[in-house]
Amino acid sequence: MASTMDDSRHKDATSSSTCFSHFCSSALRAKTLKSSSSANNSSDGLIRRLGVFDLILLGVGASIGAGIFVVTGTVARDAGPGVTISFILAGASCVLNALCYAELASRFPAVVGGAYLYAYTAFNEITAFLVFMQLMLDYHIGAASIARSLASYVATIFELIPALKGNIPPWVGHGGQEFFGGTLSINILAPILLAILTVILCLGVGESSAVNSFMTAAKVVIVIFVIIVGSFKVDVDNWSPFAPNGVKHIFTGATVVFFAYVGFDAVANSAEESKRPQRDLPIGILGSLLVCVVLYVGVCLVITGMVPYNLLGEDAPLSEAFTSKGLKYVSILISIGAVAGLTTTLLVGLYVQSRLYLGLGRDGLLPSIFAKVHLIRHTPIHSQIWVGIIAAVLGGLFNVHILSHILSVGSLTGYSVVAACVVTLRWKNNTGNRVSSKRISTWCEGVLCIFLVACCGFAAGVLYRFGTHFIFMIVAVVIAIMACAALCFRQAYSDPPGFSCPWVPIVPSVCIFFNIFLFAQLHYEAWIRFIILSIVSVGIYAFYGQYHANPRSDETIIYHMAPEEDRH
């Protein structure tokens, strides 16, 4: 009897050891990609229809929403006219992140996936899945929140009709009809708008790109018109003092407005639908970001020049500034621009989500239904409908605005991982096989240095947030510089094919440090969300992902080239 019990315990221990070994071997495997030149034409797959102009408009459409008419003024209340510098600093930081994205988009131009794909290739399967989960929660909640805001703006425009003014109930568009103490908040217009955009996206990338291009162009034209009209009402005396509350508020403003640029990374997820991805993706990423910087800075100069910074409104500062100057028609244009901005942001957000689900469905980390592409429309219809349903349920039944303070975790995580991928993938070409003992030692040493940079960024962010003595922040910065120096002198790097991010590993290290610094500025509930979602993600991977993953599924990926006449 005792012998039987001992045998049973031995089998349990062996089984547990086997499961753990399988989990580790699965979690640590990486994805190997073939050259994009091996892809072929077929009747099944995505179609290459997006040119460089489409990609730039895609990035601008994702980045500039209604916030350009709001956040510029709200931050200016603290930073004063120096908010212009805040946007320039934040834009410069995003340009560094965009350089990292541009290199990887050029390096892997024929496969969908963005940050998830890069992490899968540079690190391992579990890291890629964690990045996907953090990004996807941001996208789901963000889409629902944007849909609610869009519904409110649409209802406001409808109220310009005299018969509807003041007669639109809250459950239709404004906010929502609350039940059970606010647990439920019914809004029917948000799901309707989401359904319309989902149908457009399912019709094909050409159709959705045309809608995005039209709405983005309208939005940009309105912003330019606002800047030109406002420039005639500028009083340069309002720009003095330039930093009324000190330089610290300018830097604090930069950490806030950084998120106004988030969205340029959407271009990287259109890799399989770009006509000339290796050339056009870097141009689309960097070009869209530079357009956003120019527009934001222009609006900042106008709004702070029209009205003294301390008199700017909180809810609609730009609109109120024009109304105070007797230009009410411009306020109406701003509302129209806000609708166009929110529409493109939502459209591109839904587009990116479906492509990420497509990538995971192909790799087996999610059910294979997400990998199916419509034979005629050449869009991942199942993935697209799924993300539309999730956004419609959240946006139609819940007041997701209260969850806004836990957003941006996914974006900052994704940006940091992408920067780290640039560094590690540069090692791979020089250090040989990953399984050699020297390779493991060198690779782990480099990863530890990257992790140390990230830790220093978080420590500096926490110290800055709680107003500790600046000497402690200097210590964190010095340690990060030493880790970066180790990356420079202890690793061998090579130049990748296509676009190359300059000054590697310095630029990626700066990106990681600043991104994690911003992470430390988020609400503490965002930190809790990051930890809980990471634990849940590991559980999902352990029970499903590790048994179904197929990291070499890229060998069967097929896509259409654009018609010959469209490629010129």
For the residue pair Ser209 / Asn212, report whether a side-chain donor-acceptor contact shorter than 3.5 Å exists. no

Please tell me whether Ser537 and Gln134 have a donor and an acceptor in their side chains that are separated by less than 3.5 angstrom. no

Within the side chain of [X], is there an N or O that forms a donor-acceptor pair under 3.5 Å with the backbone of [Y]?
X: Gln384; Y: Pro380; answer: no
X: Gln521; Y: Gly461; answer: yes
X: Asn124; Y: Tyr120; answer: no
X: Ser63; Y: Gly59; answer: yes

Does the side chain of [X] reach to within under 4.5 Å of the side chain of [Y], using non-hydrogen atoms?
X: Leu117; Y: Leu104; value: no
X: Ser288; Y: Phe264; value: yes
X: Phe259; Y: Leu522; value: yes
X: Glu207; Y: Arg377; value: yes
X: Ile186; Y: Phe398; value: no
X: His22; Y: Ser26; value: yes
X: Ser383; Y: Gln353; value: no
X: Ser270; Y: Leu281; value: yes

[Y]/[X] salt bridge by N-O under 4.0 Å criterion:
X: Asp138; Y: Arg529; value: yes
X: Lys31; Y: Asp363; value: yes
X: Arg426; Y: Glu103; value: yes
X: Arg355; Y: Glu273; value: yes
X: Glu272; Y: Arg362; value: yes

Value rounded to 0.5 Å, distance of [atom1] in [X] from [atom2] in [Y]:
X: Cys100; Y: Ile512; atom1: SG; atom2: CD1; value: 8.0 Å
X: Ile506; Y: Cys511; atom1: CD1; atom2: SG; value: 12.0 Å
X: Ile285; Y: Leu289; atom1: CD1; atom2: CG; value: 10.0 Å
X: Lys219; Y: Ile68; atom1: NZ; atom2: CD1; value: 8.5 Å
X: Ser408; Y: Asn515; atom1: OG; atom2: CG; value: 11.5 Å
X: Leu150; Y: Leu347; atom1: CG; atom2: CG; value: 11.0 Å

Please name the pair of heavy atoms, one in [X] and one in [Y], separated by the smallest distance, quoted to 0.1 Å.
X: Val131; Y: Ala115; answer: CG1-CB, 4.1 Å
X: Thr344; Y: Gly341; answer: OG1-O, 2.9 Å
X: Leu55; Y: Gly284; answer: CB-CA, 4.1 Å
X: Leu189; Y: Val172; answer: CB-O, 2.7 Å
X: Ala420; Y: Ile450; answer: CB-CG2, 3.9 Å
X: Pro282; Y: Ser106; answer: CG-CB, 3.8 Å

Test log, rule ring-ring contact (aromatic ring centres under 6.0 Å, His included), inputs Tyr415 and Tyr101: CA-CA 8 Å; Tyr415 290 175; Tyr101 259 98; 5.8 Å; yes

Run the side-chain hydrogen bond (donor to acceptor under 3.5 Å, both in side chains) test on Ser274 and Arg279 for me, step by step, so that the C-alpha distance in whole Å, both residues' side-chain angles and the decisive distance to 0.1 Å come before the verdict. CA-CA 10 Å; Ser274 170; Arg279 184 202 71 175; over 6 Å; no

Count the heavy atoms of every other residue, nucleotide or ligand shown that sit under 6.0 Å from CH2 of Trp386, and state whether that count exceeds 12. no

Tyr544, OH: over 12 other non-hydrogen atoms inside 6.0 angstrom: yes

Aromatic ring pairing [X]/[Y], orientation class (parallel under 30°, perpendicular over 60°, tilted between):
X: Tyr541; Y: Phe23; result: perpendicular
X: Phe519; Y: Phe458; result: tilted
X: Tyr357; Y: His140; result: tilted

Decide if the gap between the ring center of Tyr116 and the ring center of Phe129 is smaller than 6.0 angstrom. no

Leu130 vs Val538, test: side-chain contact (heavy atoms from CB on, under 4.5 Å). Steps then yes/no. CA-CA 8 Å; Leu130 289 171; Val538 171; 4.2 Å; yes

If you apply the rule side-chain contact (heavy atoms from CB on, under 4.5 Å), what do you find for Thr345 with Leu342, and how did you get there? CA-CA 5 Å; Thr345 302; Leu342 289 169; 5.5 Å; no

Go through the steps to decide whether Tyr261 and Val293 satisfy the test side-chain contact (heavy atoms from CB on, under 4.5 Å), and finish with yes or no. CA-CA 8 Å; Tyr261 292 105; Val293 172; 3.6 Å; yes

Show, in sequence, the C-alpha distance, side-chain angles and deciding distance for Val257 and Tyr296, and conclude whether the side-chain contact (heavy atoms from CB on, under 4.5 Å) test is met. CA-CA 10 Å; Val257 304; Tyr296 275 122; over 6 Å; no

